[in-house]
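Here's the structure, in structure tokens; my notes come after.
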Amino acid sequence: MSQFTPEKSAAIRAEFPQLSETVSGHPLVYLDTAATSLRPRLAVDLESEFALRHTAAVNRGAHSLAAEATEAYDDARASIAAFVGARPNQLVFTSNATESINLIALAFQLASAVGSPARFSLATGDEIVVSEAEHHANLIPWQEVARQTGAVIRVAPITDGGELTAEAVKSVMSDRTRIVAFSAVSNVLGITNPVRAISDLGRGAGAIVVVDACQSAAHGHLDVESYGADFVVFSAHKMYGPTGIGALWGTTKILAEMPVVLTGGAMITRVDYDSSDYLPAPAKFEPGTPRLTQAIGWAESLRYVESIGVDAIAAHEEALGADLLAGVADIPNVRILGTADAVHRVGLVSFAVDGVHPHDVGQYLDSRGIAARVGHHCAQPLHKRLGVDSSTRFSLGMYSTSDDVALALAALADVRTFFGEG
Amino acid sequence: MSQFTPEKSAAIRAEFPQLSETVSGHPLVYLDTAATSLRPRLAVDLESEFALRHTAAVNRGAHSLAAEATEAYDDARASIAAFVGARPNQLVFTSNATESINLIALAFQLASAVGSPARFSLATGDEIVVSEAEHHANLIPWQEVARQTGAVIRVAPITDGGELTAEAVKSVMSDRTRIVAFSAVSNVLGITNPVRAISDLGRGAGAIVVVDACQSAAHGHLDVESYGADFVVFSAHKMYGPTGIGALWGTTKILAEMPVVLTGGAMITRVDYDSSDYLPAPAKFEPGTPRLTQAIGWAESLRYVESIGVDAIAAHEEALGADLLAGVADIPNVRILGTADAVHRVGLVSFAVDGVHPHDVGQYLDSRGIAARVGHHCAQPLHKRLGVDSSTRFSLGMYSTSDDVALALAALADVRTFFGEG
Amino acid sequence: MELDDLYQQIILDHNKKRAGYGLHPGGFPSHQYNPTCGDELTLTVRLSEDGATITAFEWEGKGCSISQASASLMTSEATGMSVIEFESFANGFRDAMRSRGTIALSEDEYGDLAALSGVSKFVARVKCAMLAWVAAEDSLILTRESLN
Amino acid sequence: MELDDLYQQIILDHNKKRAGYGLHPGGFPSHQYNPTCGDELTLTVRLSEDGATITAFEWEGKGCSISQASASLMTSEATGMSVIEFESFANGFRDAMRSRGTIALSEDEYGDLAALSGVSKFVARVKCAMLAWVAAEDSLILTRESLN
Ligand SMILES: Cc1ncc(COP(=O)(O)O)c(C=O)c1O
Ligand SMILES: Cc1ncc(COP(=O)(O)O)c(C=O)c1O
């Protein structure tokens, strides 16, 4: 059940113009927030306004416009950092969570090639632990690290119900474990993993711990420190912010130890033809002209989220998610991926419809105005592990309503009949 | 002299709302386009409209919104590619030109670590040629390559007038030359380098040639093929487009040979826990959620540029640039960096004012509403080469006018008096 | 765009019927893969002894109704064609699929395959419809290469 | 923001006068660098034999009028202070510089340095004004470390 009053929901929805679009002649029911969230008008407007009236080069030059842009950019970083419980200097802007993970992986590759710094140098036989439930973004970069360095990927098993336990992670760890990378919430299963316990295990063993927080950010209170990890990554476009920007959070210590990956202007102190000196984090990881308007837009989106209340949104999505889950579970011949009984879930459910391919399911839903995600959701190995090639996914956002859920369930109940399976 | 009629200029300027802002109580005279260009309203509006009404995950899922977003994204790539004379599959989106260069540099670093592919593997003593006039973005990444691989940076000298000749490049080449990286136009000197001749030299010697086209793109007709290079890089925000997006152009052949650098979702065909197969370029280099609205906004900015006419803009900026150059040259005790006599220049001039530090020059200009860039412009070694630490720069865009030039020159003429040097 | 444009009854039927389903050893199978959804399809074209005529399509794979029906309908309609006929048949099919709703397949020429005309309006589904055809063209190339 | 707030005559004068300019061997020089503009400044604080009092500031460097005047004015106003006095003097100066125009330096306490108050409204220039002060604090630390 919605935790927002109808008036509250209406006010929130009014802030997201896309919700008044129609699809196939029906009002849009947007159930694909886990892929990318819709954008609140005030944040998009602020971003445009900035682009149209305050464009200037950041961190350069003395003219007032440039000074103002620099201030606005720094303020945006500070407020995004505050939203996730971080200090501004711990927050490195990237293009998306994928790039954030790649920066870490590349740091390992670059360091391993020269054997320094030691913390980021891997040797043949060193081990990288990931889970069976990872998004390709948190798997393939590690494969590349392994391929180059001779390190080995060790895959922590999930239960048949899709749960990842600290014990399972422990079962694949050894004294060669150097990296432990896993998601706070899988984008297919929606189950909240015991992040702190796994981080403690990893760091306790001296490994560098990387948490993919793409699906936990902006759907509940995110306090990066509380994850107990070395690195946490997330993307703006899944947090009501713009495309083209994401973040790499790291502890002050690990960011200081981490070698530079991308280099160029704005991250240096002194440059000669032969060599250069670099600024400390975050500048050290952000060469070139920054993602100025994107940072401004993202910060404003989060300000809007805060104005509604992170906890209120989490409660809303959780309650609605429970209805969605129960409703899908009730439809005959539909199989939910991952247990429906997990203690903590976000508002997200993936499922397989007997006898109907997800593409066809998605197309049918689309004809009724429902935007769902179909495919392998960038998690091919997880799908294989669960015995399917692909699935259909519903996911909720702050603007989702009981009506959305009801319409989606009603349409889903009709899918098999339409395809002559019913 | 302006090549645009007053009406034409007024119409162009009306499209750039920032030009009606005031700075220090004066109407803004924006002479910092070489750092970042102002944004035309119609492109910013289209980008917002897209964000507010057509947000969806690209390349994923069957729902209509996603299909439409994918189409719009592909169309944007096609039109940006067409603008620079490229095929869409040759155009890889990045965060900015700096990242574009880093992708190439990292490909060398990754390949060198494992010795394959051969074309991207460097050995101790291999040589990387850059020019004395490079932006940090086209210097530091190569220093990192050298540091890791044992390759050596060889710096092609410029003349005291700032000109780079093919002979100078040749003078530092050897049979160990593997990379030749240089800018089409230096962001400090504004002089157009003999790109084709240098590329031919580099490729003739079997080197991979990288052209930094940041300052030649959108200020004249850019036909990447005609550069004769392997790679060409540029940034949207210097082409009236948004921050957060840039491009790496490569020949079909080199992009096929180049190893992946960043990995993750959306660039794969098959993924197992141990290894993955990748799509061909450009997808191979673009993991994760793409810069969707930025691509849309950039394409629209370039459509606007085309509606005015690339050649007309180039003629306008060149004529106005000549006036600017002559005017600056006429002011006593002001020294222009780089010869004023170069045959081809873009509308850009950097200079030193005797006895007055560039920060003070910039501050004074700012007090008269003139936004100029001061500092080392991310080219410390070049400044050292020219015997100064930093400079002040005026640079023009399509919206610049004879009035802008006159106001800037008048203010500049008063600088020394204000600081008691006159 | 109406859903019935896409899912005509003939398509839903062929999704179940799957003419040509089942691979036999030998020949030159082509394996095709759609990275977006993980669908795959393997198909072998069988030729007459003189190499001029298609005597059978054999295929296996999993995928959505469009990809399955397209393979099945191709089998029904194109078996017995000469290789040359098939090539232009496949080109015409591809042109229609890529036409964004502007070219319909004529029933005279394409028979029941005409039911797939609607796919071209659903850009995201064109790849599904093409999967079997790409495999067939590839299998033909592999076969021909083996003759050289 | 008026330009005269920033460039008071005292500042323009001290930019030329540069009290304390010239480094001598010995002591514990601190070198500071502003990456945005490439400006640099090296400064040595000289202490009385008991280490309690600042007897001189010596510095060299190149930079804008604000950075030069700030070094010169600091030299003029703070020479002779006790180390403890200087520390709180420097803190007060920093607070004013970072105040975005909300804290003015009192002429009573800061003398001619009060002319730098206007800098705080020009955020991009605060670093320039602080360059010499950061160097002085650093030189003091280096000096003290050498005593341990
Ligand atoms: C010549 C040149 N190269 C590279 C760059 C770097 O561009 P960006 O900061 O957009 O990566 C710039 C602009 O700053 C430039 O002018
Ligand atoms: C769990 C998870 N990790 C990583 C990603 C990658 O995010 P992005 O595409 O923004 O880099 C996603 C989203 O696609 C995700 O859901």
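In what follows, chains are A, B, ... by sequence order, proteins preceding strands, each numbered from 1.
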Heavy-atom closest contact ([X] atom, [Y] atom, distance):
X	Y	result
B:Pro287	A:Thr98	CB-CG2, 3.6 Å
A:Arg39	B:Ala51	CG-O, 3.4 Å
B:Ala56	A:Tyr30	CA-OH, 4.3 Å
A:Arg291	B:Gly244	CG-CA, 3.9 Å
B:Cys378	A:Ala266	SG-N, 4.2 Å
B:Ser37	A:Thr55	O-CG2, 3.4 Å

Find the distance between [atom1] ([X]) and [atom2] ([Y]) and round it off to the nearest 0.5 Å.
X	Y	atom1	atom2	result
A:Ser20	B:Arg53	OG	CZ	5.0 Å
B:Arg147	A:Asp274	CZ	CG	13.5 Å
A:Tyr273	B:Ile153	OH	CD1	12.0 Å
A:Glu21	B:Ser64	CD	OG	11.5 Å
B:Thr263	A:Asn102	OG1	CG	4.5 Å
A:Leu65	B:Thr36	CG	OG1	11.5 Å

Can you tell which part of [X] gets under 4.5 Å to a heavy atom of chain A, answering side chain, backbone, both or neither?
X	result
B:Leu365	neither
B:Leu292	both
B:Thr33	neither
B:Leu103	neither

Specify which of A:Ser390, A:Ala146, A:Ser276, A:Pro242 makes the most heavy-atom pairs with chain B at under 4.5 Å.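 The candidate making the most pairs under 4.5 Å is A:Ser276.
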Find the one option among A:Ile101, A:Val271, A:Val44 whose heavy-atom pairs under 4.5 Å with chain B are most numerous.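 Ranked by contacts with chain B, first place is A:Val271.
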Looking at chain A, which one of [options] has the largest number of heavy-atom pairs inside 4.5 Å, strictly under?
options	value
B:Arg41, B:Glu47, B:Glu99, B:Gln109	B:Glu99
B:Ala371, B:Gly246, B:Ala113	B:Ala371
B:Ala137, B:Gly297, B:Ser275	B:Ser275

Taking the side chain as C-beta and beyond, is there a heavy-atom pair between [X] and [Y] under 4.5 Å?
X	Y	value
B:Gln18	A:Leu52	no
B:Met267	A:His136	no
B:Leu110	A:Gln148	yes
A:Leu262	B:Leu106	yes

Please confirm whether the backbone N or O of A:Thr243 pairs with a side-chain atom of B:Gln294, one donor and one acceptor, at under 3.5 Å?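 It does hold such a pair.
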Going by side chain to side chain contact (heavy atoms under 4.5 Å, CB included), A:Asp272 matches just one of B:Gln143, B:Lys384, B:Gln380. Which one?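 Looking at B:Gln143, B:Lys384, B:Gln380, the match for A:Asp272 under the side chain to side chain contact (heavy atoms under 4.5 Å, CB included) is B:Lys384.
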Can a side-chain donor-acceptor contact be found between A:Asn96 and B:Thr289 if the only test is distance below 3.5 angstrom?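 Checked: B:Thr289/A:Asn96 side chains show no N/O donor-acceptor pair below 3.5 Å.
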